[in-house]
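I have placed the structure first, in the form of structure tokens, so that the comments after it can refer back to it.
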Amino acid sequence: MNLEQIMKEWQIDAVIDEMELGDASRKSAVLHGKYLMELNIAKMQFKQKEMGFKQLLKDKQLWYAGKLEKDTIDGYGWEYDPYNGLAKPLKSDMDYWYDADPEIQAYQLKIEQFKIKVNTIEEILNMIKWRHTQVKNAIDFMKFTSGI
């Protein structure tokens with residue numbers, strides 16, 4: 001599931017029906033399992049993206065240095081001259097080139113999206129962890145308002 005789907009699912013799963021507080025309490029284990037599985041999947045995807053980024057960055061560094069093989073350049077669909085006819089920048093300026101590279105930026109954005117997804121699922125799991133307290137508070141409030 002992507003982040004948007006997870007958020008939509010959580011909007012449904014987060015609801016605690018005041019008339020079915022016992023069900024809400026029992027449902028916590030099921031919800032925990034559901035979102036724990038999503039968390040594990042998201043963490044693995046995040047790790048894969050990080051490793052893929054390292055490979056892309058290595059190839060980009062070789063490309064900018066003029067040391068990347070022609071077949072690899074063709075495979076990526078990159079130009080043979082990374083500087084488009086400009087003079088090769090100083091080594092100290094290469095970070096600017098890497099930071100401005102659209103493919104590197106796009107990959108970094110994907111990594112950030114997975115990081116946000118992992119953090120969101122961890123927050124959902126934290127809410128599920130404390131769901132029993134929410135149920136107890138709802139029961140206590142119902143007792144209070146009914147005068148028990």
Side-chain angles (χ1 to χ4, degrees), residues 1-84 86 88-142:
M1 283 196 286
N2 64 30
L3 182 59
E4 186 177 316
Q5 291 168 325
I6 289 170
M7 294 300 295
K8 284 181 181 177
E9 286 278 324
W10 179 240
Q11 284 179 333
I12 295 166
D13 292 339
V15 175
I16 297 175
D17 185 355
E18 290 180 16
M19 296 298 134
E20 300 292 333
L21 292 175
D23 267 359
S25 185
R26 286 187 296 274
K27 192 173 148 187
S28 294
V30 173
L31 290 175
H32 185 269
K34 173 183 175 178
Y35 288 99
L36 183 62
M37 184 175 64
E38 286 298 326
L39 178 63
N40 290 333
I41 291 168
K43 282 184 174 183
M44 288 302 299
Q45 291 171 334
F46 176 66
K47 193 63 171 170
Q48 288 172 339
K49 286 293 177 193
E50 281 185 323
M51 291 187 313
F53 178 71
K54 289 177 183 179
Q55 181 64 45
L56 175 68
L57 192 56
K58 180 195 78 138
D59 287 345
K60 282 288 186 171
Q61 288 172 337
L62 290 172
W63 181 59
Y64 281 116
K67 298 178 182 177
L68 193 61
E69 296 175 358
K70 183 182 181 308
D71 293 342
T72 308
I73 293 172
D74 291 340
Y76 279 119
W78 297 340
E79 298 292 326
Y80 294 115
D81 179 13
Y83 307 108
N84 293 323
L86 299 173
K88 185 175 178 180
L90 299 172
K91 225 179 202 181
S92 60
D93 293 336
M94 287 310 297
D95 282 341
Y96 297 115
W97 284 83
Y98 300 138
D99 290 342
D101 188 286
E103 290 178 24
I104 291 175
Q105 288 176 342
Y107 219 102
Q108 287 174 323
L109 181 61
K110 287 178 186 176
I111 289 173
E112 191 61 31
Q113 288 169 337
F114 278 104
K115 193 184 297 184
I116 291 168
K117 182 178 175 181
V118 166
N119 291 338
T120 300
I121 298 170
E122 286 174 341
E123 281 296 317
I124 290 170
L125 281 169
N126 195 36
M127 289 294 294
I128 293 169
K129 176 181 169 183
W130 293 103
R131 193 175 182 102
H132 69 282
T133 306
Q134 296 168 339
V135 171
K136 182 188 177 305
N137 288 345
I139 291 170
D140 289 346
F141 181 74
M142 290 173 80

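Quick caveat, the model's predicted, so the values are computed rather than measured. Atoms considered below: every heavy atom in the structure, side chains included; atoms not considered: hydrogens, waters and symmetry mates.
Note that CD1 of Ile16 is 9.0 Å distant from NZ of Lys27, once rounded to the nearest 0.5 Å. With rounding to the nearest 0.5 Å, the separation of CD in Gln134 from NE2 in His132 is 9.5 Å. Atoms CD1 and CG, on Ile124 and Leu36 in that order, are 12.5 Å from each other to the nearest 0.5 Å. Note that CG of Leu125 and CZ of Arg131 are 12.0 Å apart. Values are rounded to the nearest 0.5 Å. Rounded to the nearest 0.5 angstrom, Gln45 CD and Asn40 CG are separated by 11.0 Å. Annotation: the span from Leu86 atom CG to Asp81 atom CG amounts to 8.0 Å, rounded to 0.5 Å.
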Could you pull out all donor-acceptor pairs under 3.5 Å where a side-chain atom in residues 17-24 meets a protein atom, sequence neighbours excluded?
unit_1	atom_1	unit_2	atom_2	d
Asp17	OD1	Met19	N	3.0
Asp23	OD1	Arg26	NH2	2.6

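Side-chain contact check for Pro89 versus Met94: some heavy-atom pair is nearer than 4.5 Å. Residues Tyr35 and Val30 fail the side-chain proximity criterion, which asks for heavy atoms closer than 4.5 Å. Side-chain atoms of Lys43 and Glu122, non-hydrogen and from C-beta on, do get closer than 4.5 Å to each other. At least one side-chain heavy atom of Asn126 sits less than 4.5 Å from a side-chain heavy atom of Lys129. Proximity of Tyr107 to Ile111: side-chain heavy atoms (C-beta onward) are separated by under 4.5 Å at one or more points.
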Side chain to side chain contact (heavy atoms under 4.5 Å, CB included) evaluation trace for Phe114 with Glu112: CA-CA 5 Å; Phe114 278 104; Glu112 191 61 31; over 6 Å; no
If you apply the rule side chain to side chain contact (heavy atoms under 4.5 Å, CB included), what do you find for Phe46 with Ile41, and how did you get there? CA-CA 9 Å; Phe46 176 66; Ile41 291 168; over 6 Å; no
Side chain to side chain contact (heavy atoms under 4.5 Å, CB included) for Tyr98 and Asp101? Distances and angles first, verdict last. CA-CA 5 Å; Tyr98 300 138; Asp101 188 286; 5.6 Å; no
Verdict with supporting geometry, Val118 and Lys115, side chain to side chain contact (heavy atoms under 4.5 Å, CB included): CA-CA 5 Å; Val118 166; Lys115 193 184 297 184; 5.9 Å; no
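Without hydrogens or angle criteria, Glu38 side chain to Ile6 main chain gives no donor-acceptor distance under 3.5 Å. At least one donor-acceptor pair under 3.5 Å links the side chain of Thr120 to the backbone N or O of Ile116. With Lys117 contributing its side chain and Met1 its backbone, the two residues share a donor-acceptor pair below 3.5 Å. Formation of a donor-acceptor pair under 3.5 Å by the Trp63 side chain with backbone atoms of Glu79 is found in this model. With hydrogens and angles ignored, the 3.5 Å screen pairs no side-chain donor or acceptor of Tyr64 with any backbone N or O of Lys88.
More than 12 heavy-atom neighbours from other residues, nucleotides or ligands sit within 6.0 angstrom of OH on Tyr80. Crowding of Phe141 atom CZ: a count of heavy atoms from other residues, nucleotides or ligands under 6.0 Å not exceeding 12.
Scored by the salt bridge (Lys or Arg N to Asp or Glu O under 4.0 Å) test, Lys70 finds Asp74 as partners (sequence neighbours excluded). Partners of Leu57 under the side-chain contact (heavy atoms from CB on, under 4.5 Å) rule, at least two apart in sequence or in another chain, are Phe53, Gln61, Ile104.
Geometric assessment of Lys60 against the ring of Trp78 yields a positive cation-pi assignment under the 6.0 Å and 45° thresholds.
Under a 4.0 Å N-O distance rule, the pair Lys8/Glu4 qualifies as a salt bridge.
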